[in-house]
Amino acid sequence: MDWQKVLATRNARMKASEIRELLKLLDQPDIISFAGGIPDPALFPAEAFRNAFAEALADDRAGAALQYSVSEGYHPLRDWIAGEMGKLGIPCGPQNILITSGSQQALDYLGKLMISPGDTVLLGWPTYLGALGAFNAYEPRYDRLDPNGNRPAASFAEAAEAAGGRAKFAYLSVDFANPTGETLDRAAREAVIDLADDLDIAVVEDAAYQTLRYDGAAIPPILALEIARKGSIEECRTLYCGSFSKSLAPGLRVGWICGNAAVISRLVLMKQAADLHSPTTNQIVTDHVARRHFPTHVATLRQTYRARRDAMLAALAREMPEGVTWTRPEGGMFIWLTLPAHIDAADLLAQSLQSERVAFVPGRAFFADGSNGNTLRLSFSCADAAAINEGITRLGRLIRRA
């Protein structure tokens, strides 16, 4: 059978993730990997999860943990999340929370909810590669969003209309963004709300790294700033996507969307059609561990990752030749390098794997138009100081040769 004849047109826009492919390198013991933006498994609260699983499956509680559940998600977990959102300046209730199978599923659902073929999504240049993968299936057009720029709302609307659709939402990761590690200041967040109001579009706020701040004062999420303006989450256009993947453990695949209850209700229908609900047992044990260990565990993560970030920044300052620049993140897991214009990071990676045995992610995949090949992403989360020093020394040597 010629399967191409029966595939939907959206398949042409679905591509393998470069990061997923690079993760396979982690099985090679001689590779120093700065590629995967993943938490260090040595830091997982494994004992807390073992105890939580045992408790969830003990005696007559096992029936509920192993049974079907409601599509909205485990109510005690949604209640705990709502309390945490309140601490961020986002007063809400469980009715404003939908549990998803990781924040990646949240992005897929939001793309499915809002994008018709030819519609426009506003996003950063670069942006999270997984967001492009989630949205691509719904055949959008992308337009470059610079919250610190002065482009008028009308130009976004006109460009979207000329392309045969309309602007639907702006997508941003505002704290320690993947891939750049950069954070949007308060003025830029306020400007996003202004632009969204002018265009009458939604805002999708990806907060996967929000808990991992190492320096500086926390800035309110866009949703918190919008509630401060409008008085209630029910009057807001921002949809906040959270995740336990970076704070507790990614393997359980527990994330959430927080927003207007009417929109959450529509997303619940989508969840019912897609997978009925996220795994009940995983939600129950996540609730147990979050309630008992979240603040102390996150404090440990911050201390460890801060030291690794500092080690990488010091190594870059020591080893990188003139003409290479990089970001200085206040949190998260990533540092973004910009190389001299004539160096292609994909070619550099091939050379690096062959001669220096250092892995990173070439930057071109993070741009919706495939531009800026002279950029790359480094992750410091899974390497200790010795590996960071050795890996950056090798990388600096390779770049000097290039």
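Between W336 and F367, the two ring planes are tilted [angle within 30° to 60°].
With respect to D200 and R166, no salt bridge is recorded, no charged nitrogen being found less than 4.0 Å from a carboxylate O. In summary, R78 and E72 do not engage in a salt bridge, as defined by a charged side-chain N under 4.0 Å from a carboxylate O. The pair R306-D310 does not count as a salt bridge, with every side-chain nitrogen at least 4.0 angstrom from each carboxylate oxygen. Electrostatic pairing of D344 and R364 counts as a salt bridge here, judged by a charged N lying under 4.0 Å from a carboxylate O. A salt bridge links K87 with E84: the distance from a Lys NZ or Arg NE/NH1/NH2 to an Asp or Glu carboxylate oxygen falls below 4.0 Å.
Neither side chain, T100 nor R253, offers a donor N or O lying under 3.5 Å from an acceptor on the other.
For N260, the side chain to side chain contact (heavy atoms under 4.5 Å, CB included) partners two or more places apart in sequence, or in a different chain, are E234, A262, V263. A search for side chain to side chain donor-acceptor pair (under 3.5 Å) contacts involving D275 returns Q105, K271, not counting sequence neighbours. T127 pairs by the side chain to side chain donor-acceptor pair (under 3.5 Å) definition with nothing, not counting sequence neighbours.
Side-chain atoms of R328 do not come within 3.5 Å of backbone N or O of L313 as any donor-acceptor pair. No donor-acceptor distance shorter than 3.5 angstrom exists from the side chain of D79 to the backbone of H75, with no hydrogens or angles considered.
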- Task: Mind running side chain to side chain contact (heavy atoms under 4.5 Å, CB included) on L212 and M333 for me, showing each step along the way?
- Result: CA-CA 8 Å; L212 298 180; M333 296 181 171; 4.1 Å; yes
- Message: Applying side chain to side chain donor-acceptor pair (under 3.5 Å) to Y74 and N282, what does each step give before you reach the verdict?
- Response: CA-CA 10 Å; Y74 183 55; N282 292 4; over 6 Å; no
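Proximity of the aromatic rings of Y209 and F334 is defined here by a centroid distance below 6.0 angstrom, and this criterion is met.
For CD of E55, the number of neighbouring non-hydrogen atoms (other residues, nucleotides, ligands) closer than 6.0 Å is greater than 12. Atom CD of E322 has 12 or fewer heavy atoms from other residues, nucleotides or ligands within 6.0 Å. For R291, the CZ atom is densely surrounded, since the number of other residues' heavy atoms within 6.0 Å is greater than 12.
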